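Side chains are part of it too, since the values below use all heavy atoms of this structure and drop only hydrogens, waters and symmetry mates. These figures come from a predicted structure and were not determined experimentally.
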Amino acid sequence: MGPLLVLWLAVCLSGTWAVDRGNFKTCDQSAFCKRQRALKPGQSPYRALLETLELTNTKLTLQLINDNNKVRLLLELYRLQGNMTRVKINELKPLKPRFEVPDVLINDPPTEPLSLLSRDENGVVLSLGADSQRLIVSAKPFRLDIMEGREVLLSLNSRVTLTSHAPSHPTHPRIPRTLTSHAPSHPTHPRIPRTLKAKEDEKVEDGMWEETFKSHTDSKPNGPSSISLDFSLPGVENVYGIPEHADSLKLKATDGGDPYRLFNLDVFQYEVFNPMALYGAIPVMLSHSAQRTMGIFWLNAAETWVDISSNTAGKTVFGQMLDYVQGSSETPQTDVRWISESGIIDVFIMLGPTPTDVFSQYASLTGTQAFPPLSALAYHQCRWNYNDQEDVAAVDQGFDDHDIPYDFIWLDIEHTDGKRYFTWDPHKFPQPKDMLQGLLDKRRKMVTIVDPHIKVDSSYKIHNEIRSKGFYVKSKDGGDYEGWCWPGNSGYPDFTNPEMRAWWASMFAYDQYEGSMENMYTWNDMNEPSVFNGPEVTMHKDALHGNWENRDLHNLYGFYVQRATAEGLIERSGGVERPFVLARAFFAGSQRYGAVWTGDNAAEWDHLKISIPMCLSLGLVGVSFCGADVGGFFKSPSTELLVRWYQTGAYQPFFRAHAHLDTPRREPWLFGPENTALIREAVRQRYALLPYWYQLFYHAHHSGQPVMRPLWVEYPQDTATFSMDDQFLLGRDLLVHPVTEEGARGVTAYLPGKGEVWFDVHTFQKHNGAQNLYIPVTISSIPVFQRGGSIIPRKARVRRSSSCMEHDPYTLFVALSPKRFAQGELYIDDGHTFNFDKQKQFIHRRFSFANNALSSRNLAPGSQFTTFSWIEKIVILGASKPSKATLKTPDGKESLLEFEFDTSMSVLTLRKPGVNAGLDWTVVLQ
């Protein structure tokens with residue numbers, strides 16, 4: 001029956017073509033969310049016991065008391081280096097510990113001393129150091145305010161929703177039980193910690209001790225344990241982040257609808273413009289105004305709902321204008337309420353004040369984007385599934401025959417022996433090393449899928465070892481947890497166990513993963529985890545990871561799977577080679593281990609459009625390596641949609657085409673010569689820009705700055721950019737406005753920056769900033785603009801793969817500002833090892849144009865690396881015609897350069913400087 005059931009599941013999934021919303025909970029169907037959301041702001045029973053205040057060099061501690069039941073909580077406040085504040089609230093004397101998220105923070109955040117400024121019976125005032133920042137603790141009701149001068153930056157519990165429901169007090173239905181369990185006695189749940197004797201007449205609300213959704217029952221052996229806290233942001237109308245949702249970049253007010261949900265789920269062909277949970281969850285929100293950018297990091301891995309309200313939400317443009325005309329004095333404010341099913345309150349408040357500061361602050365907590373191999377930034381070809389070795393060879397040859405570069409070809413689940421991961425189908429892939437060697441000979445690579453559900457089969461080595469070592473997740477009854485996924489009946493390794501992760505990593509060794517080679521990398525799909533017959537298509541919340549329920553750490557599972565896989569790829573090379581791992585589920589900190597994608601999208605125009613804000617949202621919270629399945633995973637795109645998707649994907653960080661098993665084949669050359677040429681051109685544009693992409697990822701790895709970013713990140717005071725999510729910046733120097741409307745004959749791009757200029761990268765036409773520019777488009781158009789004042793390196797000689805371009809020369813595109821100035825960088829290393837970090841083997845150059853001279857200087861004097869690449873051509877946009885151009889090198893040599901000048905476009909082209917890309921040089925224009 002096993003294979004028949006899996007076949008039935010596959011048929012049902014492939015024939016549905018739309019999400020069944022009935023499979024996934026709304027807030028009203030989630031008992032803890034419904035209870036918490038029913039609470040309205042009001043008088044809080046919590047007050048701070050100021051006499052318990054203790055102040056040390058590292059933190060402030062203070063007890064909070066619930067005046068209704070006398071239960072005490074412990075508040076810890078930390079002033080962190082880098083303009084951050086940490087707030088933790090936990091039980092003072094827990095009978096049963098609550099889960100605190102491990103492994104996400106890269107270290108214990110360094111603290112700075114808090115100093116007490118004043119104190120009376122109403123509260124205390126603390127100094128947060130620079131810029132007159134103060135933290136005010138109000139005693140009754142308990143509240144925290146962070147101020148700078150006279151301005152309130154953020155208030156915590158100002159709406160007094162610090163709460164966690166318990167049915168202990170029928171006369172006080174809103175009593176916060178935050179981080180304690182004072183539930184009524186329950187004869188079938190002896191494990192419940194209790195801090196207060198229940199009254200006989202207390203009412204137990206539905207879903208507190210047991211909750212049923214569809215046919216699944218959650219036993220809740222520890223009773224209700226949810227937590228909640230609100231944050232008020234005066235002066236703020238724009239908030240972003242908390243991915244993953246298929247919604248606009250700017251988060252919407254949730255009044256009258258569901259909150260945004262963070263709960264990793266396998267959502268089949270998701271809907272767009274919807275707050276439903278998807279595959280990943282990063283509980284980080286950014287607020288932005290023309291005055292300041294801040295961030296809130298809610299470190300909790302349980303199911304979480306986020307409510308957003310705003311006093312300006314829902315106002316029409318006319319209403320906003322009326323407020324302005326009438327002189328309305330109402331200050332904009334956004335209120336955010338976080339609700340989690342379990343765990344503790346552990347929140348980091350990142351005070352900015354600039355977007356760059358917030359990115360750096362968050363990176364200091366959870367780390368930066370892993371620096372990928374250069375080839376991973378090139379084009380990837382995938383489908384479910386390439387049938388056999390001959391099919392792989394034919395597709396590979398097809399790219400050569402049609403002169404389209406690619407770097408990776410992917411194999412989905414059908415390449416395995418009966419969905420047994422780490423194996424090959426002996427009939428379809430009998431000689432995997434021969435196949436991989438054929439790719440390696442062309443300097444290409446492969447990705448194979450390794451999912452975290454393991455076929456329960458006594459003849460399967462992987463299953464037997466996991467079972468014998470006790471590494472499977474356990475059911476509530478203590479046996480191995482099993483559920484249905486692609487192989488049929490499957491076990492789920494407990495990746496929260498470091499011993500399990502170490503064992504999993506060891507399975508990627510070349511002598512363990514038979515048929516693998518150094519040019520084979522890994523894809524972790526279904527790592528939410530996906531359980532076809534589980535509640536909401538995932539694991540039961542009362543499943544056990546050691547002593548903890550899945551309810552406590554559910555959103556961490558995918559993070560750990562990707563981590564263990566990445567560590568395996570590193571270990572197999574002896575720590576030399578950088579890994580490439582793509583994962584569907586993720587959490588805060590996942591950026592340290594690889595790439596993500598937006599999951600099972602569809603071949604629809606709205607799914608193309610939504611890929612932009614989805615990746616922008618991820619970039620804002622640390623995950624720069626993001627992309628969407630080009631062409632759409634489900635359904636079949638029209639040729640126009642497919643071309644437009646290639647054109648968009650070529651300018652998104654992760655560039656992969658992928659398609660469902662039941663869709664017609666869609667390799668780029670199957671849609672006629674004209675469309676093949678259009679796709680070829682889009683892919684070639686990606687390859688020409690690889691030096692710039694690589695430089696952006698180097699910076700993301702070192703500083704946490706997003707690669708693909710909203711316009712407001714670079715133009716934080718330009719209110720026109722705050723809601724834009726149909727165009728974006730790559731770094732700060734390229735602006736991209738993809739064509740995402742069917743049948744479009746034109747698009748309107750906003751070019752920011754008063755007093756700045758932008759150059760069309762295709763025509764070199766110059767345009768002024770701070771304007772909406774209408775651009776007529778044809779099917780070949782990809783509107784991209786280079787910022788005046790920038791220098792971008794490209795490689796014009798596009799070959800069959802990025803590795804084949806390693807030693808090719810560079811062309812520098814110098815776009816002059818109105819003040820005839822420009823600056824840029826070039827980063828070079830070997831493209832695949834950790835030598836850039838461990839041995840400082842890299843080149844990092846600064847290009848500067850000023851006073852009619854273009855120069856290259858070394859930004860990393862302590863580094864050592866040599867390149868065979870040279871500067872082949874320099875194109876200067878917005879230039880004047882010189883009488884001569886002279887190349888000068890440090891050895892005193894001078895040589896005249898050939899040049900051409902286009903008077904109509906003011907473009908100067910300097911030919912064959914011929915200087916090595918790693919050396920100092922200057923070109924002087926006279």
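- Interatomic distance, OH of Tyr510 versus CE of Met520, reported as 9.0 Å (0.5 Å rounding).
- Between the side chains of His463 and Tyr472, at least one donor-acceptor pair of N or O atoms lies under 3.5 Å.
- With a 6.0 Å radius and a threshold of 12 heavy atoms from other residues, nucleotides or ligands, Gln512 has its CD atom above the threshold.
- Taking the six-membered ring for Trp, Phe268 and Phe634 have ring centres closer than 6.0 Å.
- Looking only at distances, a side-chain donor or acceptor of Arg592 sits under 3.5 Å from a matching main-chain atom of Val104.
- Nearest heavy-atom pair, Leu440 versus Met517, reported as atom, atom and distance to 0.1 Å: CD2-CE, 4.1 Å.
- With hydrogens and angles left out, the side-chain atoms of Ser573 and Glu518 include no donor and acceptor closer than 3.5 Å.
- A donor-acceptor contact closer than 3.5 angstrom links the side chains of Asn489 and Glu482.
- Considering CG of Asn387 and CG of Leu411, their distance stands at 10.5 Å, rounded to 0.5 Å.
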### Query
Does the side-chain contact (heavy atoms from CB on, under 4.5 Å) test come out yes or no for Phe625 and Gln591, once each step is laid out?
CA-CA 8 Å; Phe625 208 176; Gln591 68 270 12; over 6 Å; no
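- For Phe399 and Trp669, the distance between ring centers is under 6.0 angstrom.
- Around CD of Glu465, the count of heavy atoms belonging to other residues, nucleotides or ligands within 6.0 Å exceeds 12.
- Side-chain contact, Asp396 with Tyr406: a donor N or O sits under 3.5 Å from an acceptor N or O.
- Annotation: Lys433, atom NZ; neighbour count of heavy atoms from other residues, nucleotides and ligands within 6.0 Å does not exceed 12.
- Side chains of Tyr260 and Asp247: a donor on one and an acceptor on the other come within 3.5 Å.
- Ring pair Tyr270/His607: centre-to-centre distance below 6.0 Å.
- There is no side-chain donor-acceptor pair under 3.5 Å between Asp417 and Thr423.
- Counting only N and O atoms by type, the side chains of Asp391 and Tyr386 include no donor and acceptor under 3.5 Å apart.
- Atom NE2 of residue His216 and atom NZ of residue Lys541 lie 13.0 Å apart, to the nearest 0.5 angstrom.
- Of all non-hydrogen atoms in Ser490 and His453, the two that sit nearest each other are CB-CB, 3.9 Å.
- Separating the CD1 atom in Ile449 from the SG atom in Cys382 is a distance of 8.0 Å, to the nearest 0.5 Å.
- Side-chain polar atoms of Asn550 and Tyr557 form no donor-acceptor pair below 3.5 angstrom.
- The aromatic rings of Phe580 and Tyr521 stand perpendicular to each other, their planes meeting at an angle above 60°, with 30° marking the opposite boundary.
- Note that CD1 of Ile466 and OH of Tyr460 are 7.5 Å apart. Values are rounded to the nearest 0.5 Å.
- Note that CG of Asp266 and OG1 of Thr538 are 8.0 Å apart. Values are rounded to the nearest 0.5 Å.
- Judged by distance alone, with hydrogens and angles left aside, the side-chain atoms of Asn601 form a donor-acceptor pair with the main-chain N or O of Asp629 at under 3.5 Å.
- Residues Asp407 and Tyr687 have side chains that bring a donor and an acceptor to within less than 3.5 angstrom of each other.
- Between Thr565 and Trp504, the side chains place a donor N or O and an acceptor N or O closer than 3.5 Å (distance only, hydrogens not considered).
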